[in-house]
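One structure is given below, encoded as C-alpha cells.
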Amino acid sequence: MAEPAPSGTPRPSRHRAGYIDWLRGLAVVIMILAHVVDAWTVLGPTRQTRPYFWFLVLAGMGAPLFLWLAGVAVPLAAHARVRRGASLAEASWSLQKRGWQIFGLALLFRLQAYVFSAGATLYGIFKVDILNVMGLSLVAAAWLWGRASTRRGRLSIGVLATIAVLILTPLLRVWTWPALIPDPIEAYLRPPPARSTFTLFPWTAFVLAGLVLGEWLATTSAEARDRFHAWCIAVGLGLAVLAYQLSFRPTLLPGSNFWTTSPAFFAIRLGAMTMVFGLLYFVLHPEGVWARLAVPRHWSPMELLGRTSLFLYWVHVELVYGVPSIRLHKALSFPGALVAFAIFTVLMLGLAMVKSRYWDKDAPWVASS
C-alpha cells in the first residue's frame, strides 16, 4: 500500500490559516490509521475483505494530502516573504533551501531506521520515501514559482508542470533507458520491480497542483475569499466526478494503471481534496461564513496535529513499525487494530501537546491554557 506520510511545508507567515492546519491534521490522522492498521493487523483473509479494501482507499489519501498542502504553502510563504521586503529571487531561494532541508531530514530518517530498527538493511538507507519526494518536490515548486513575476505566469507554469509529470509517469514505467541509471537514482523515477514505493513521478504532481491553488489563493483579495473557496468546492466536485467517469475509458498512455499511474485517479483525489479544502474554509476560517454566525472557536486538536505533523511522523513510524511495538506486529484483528489506532492517536496528540508547550513557545493553545 502507499504509505501516507507527513508535511514538510515551508514555514508559513505568523498568521496561520487554521483550516489549512486542520486539513493537515486530518492527514496526520489518516497517516496514523494507515500505519497502525498496516503494521498490526494479522495477515490472512482479513486483508481480503471489503472493509479492508475501503480502509486502503482512505489510507491512500494521506500522502497526496500532505504533498498537496506542502505545495499550497509554497506561494503563501513566498508572498509573505515578498511582503516583508524580500525580492522574488530571495523568496524563491529561501523556500528552495527549506526543500533541501526536508530532503536532508529524509536521508537522516532512513539512517536512523537502519541503526535502530530490527531487521533493517543497508538497502533501506536508499529507499525513496515521502520525505525524499516532498523535499525535492518543494525545491522544484519553489524554483518554478520564481520563474515568473505574475499570477498568470505562475499558474501557467504550475499547470504545465503538473501535466508534464502526469504524462511522464506511465511512460517511465515502460521506457527501458531508466534501467541504465544506478538503482538508487532510478528509484526516484520509477519504483523497483515488485515494490510499491514513493517516486517523484507521479507524487510530485500533487505538490505542483498545490502550487497552483496556493498561488491563486495568495493573490486573491480578502473580499473575494468566500467566492474563491466556493469555486474550490464546485470545481473540486466537478473534477472528481468527471475524472471518475473518464477512468472507465481506454487510456491513451502506455503503461498506465489506475491505482498507480493514472491521471484519472490523480484527478479524483485532487478534486476531493480541493472540495474539502473549500468546505473547511467556510466551517473554520476566521473570515468564513461560520465565524460570521458568531459560533465560538476553541482550541483545536486537529490544528495542533497539523502544526506538529513532521514531528509526529518522525516519532510514530518508529513506534508503530519498530521494536517498541514488536509484540503487536501482525497480531491484531482488523477491529482490534482500529481500536489500537484510536488509542495510539490520543498518545500522539499528547506528545504534540508536550512539544507545543515546551518547544513551540508561540503555540496559540499555550497562551489560552
Side-chain angles (χ1 to χ4, degrees), residues 1-8 20-70 109 112-113 116-120 129-131 134 196-198 259 269 272-273 276 280 284 299-356 365:
M1 58 176 288
E3 296 178 349
S7 166
I20 297 179
D21 282 331
W22 201 102
L23 189 55
R24 190 177 294 113
L26 176 62
V28 171
V29 173
I30 296 174
M31 170 185 70
I32 296 173
L33 170 67
H35 290 167
V36 167
V37 173
D38 174 62
W40 297 354
T41 300
V42 65
L43 298 175
T46 296
R47 298 188 179 228
Q48 308 301 320
T49 61
R50 177 62 59 175
Y52 196 85
F53 167 80
W54 286 112
F55 150 73
L56 291 176
V57 172
L58 175 61
M61 288 299 299
L65 191 51
F66 275 123
L67 292 168
W68 183 66
L69 290 173
F109 180 81
Q112 171 192 282
F116 295 105
S117 297
D129 216 333
I130 183 72
L131 288 182
M134 180 177 288
S196 177
T197 55
F198 287 99
W259 294 108
R269 290 177 289 177
M273 293 186 297
V276 173
L280 281 178
L284 299 172
W299 168 72
S300 169
M302 292 295 286
E303 291 181 20
L304 177 60
L305 291 175
R307 291 193 300 270
T308 55
S309 55
L310 182 58
F311 165 76
L312 293 178
Y313 172 75
W314 199 283
V315 172
H316 97 282
V317 169
E318 189 61 35
L319 292 178
V320 171
Y321 288 102
V323 175
S325 62
I326 194 168
R327 294 177 63 88
L328 295 174
H329 293 180
K330 306 298 187 288
L332 302 179
S333 65
F334 183 44
L338 293 177
V339 173
F341 147 72
I343 297 172
F344 190 81
T345 301
V346 173
L347 172 63
M348 291 297 99
L349 178 61
L351 286 179
M353 294 173 67
V354 171
K355 176 186 180 296
S356 186
W365 77 274

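In this chain, numbering begins with 1 at the start of the sequence shown. Note that these values count all heavy atoms, side chains included, but never hydrogens, waters or copies made by symmetry.
- Distance check: L305 CG to L312 CG gives 6.0 Å after rounding to the nearest 0.5 Å.
- By the side chain to side chain contact (heavy atoms under 4.5 Å, CB included) test, V317 is found to be paired with H35, F109, Y313, Y321, residues two or more places apart in sequence or in another chain being considered.
- Under the 3.5 Å distance criterion, the side-chain polar atoms of S356 are left unmatched by any main-chain donor or acceptor of A352.
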Handout entry: Worked check of side-chain contact (heavy atoms from CB on, under 4.5 Å) between V29 and M302
Key = CA-CA 9 Å; V29 173; M302 292 295 286; 4.0 Å; yes
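- Judged as a salt bridge (Lys or Arg N to Asp or Glu O under 4.0 Å), the pairs with a partner in residues 46-66 (not counting sequence neighbours) are, in order, D38-R47.
- From L58, atom CG reaches atom CE of M61 across 8.5 Å, with rounding to the nearest 0.5 Å.
- By the 4.5 Å heavy-atom criterion applied to side chains, W68 and R269 are not counted as neighbours.
- The two residues W40 and V320 have their closest heavy-atom pair at NE1-O, 3.0 Å.
- For the residue pair G62 and A27, the shortest heavy atom distance occurs at O-CB, 4.2 Å.
- The CG atom of L65 sits 6.0 Å away from the CG atom of L26 when rounded to the nearest 0.5 Å.
- When the side chain to side chain contact (heavy atoms under 4.5 Å, CB included) test is applied to L338, the partners found at least two apart in sequence or on another chain are L33, V37, F334.
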Practice task
Determine, stepwise, if the pair Y52 / F55 fulfils ring pair (Phe, Tyr, Trp, His ring centres under 6.0 Å).
Solution key: CA-CA 5 Å; Y52 196 85; F55 150 73; 5.0 Å; yes
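- The shortest non-hydrogen separation linking K330 to T41 is CD-O, 3.3 Å.
- The distance from atom CG of L43 to atom CD of Q48, rounded to the nearest 0.5 Å, is 10.0 Å.
- Side-chain atoms of S325 come within 3.5 Å of backbone N or O of L319 as a donor-acceptor pair.
- Between A340 and L332, the closest heavy-atom pair is CB-CD1, 3.9 Å.
- One distance of note links CG of D21 with OG of S300; it measures 8.5 Å at 0.5 Å rounding.
- Applying the side chain to side chain contact (heavy atoms under 4.5 Å, CB included) criterion to S333, with sequence neighbours excluded, gives P335.
- The side chain to side chain contact (heavy atoms under 4.5 Å, CB included) check on L351 picks up F311, V315, M348, with sequence neighbours excluded.
- In terms of heavy-atom proximity, S309 sits nearest to R24 at OG-CD, 3.5 Å.
- Scanning all heavy atoms of the two residues, the minimum distance from P324 to E318 falls at CD-O, 3.8 Å.
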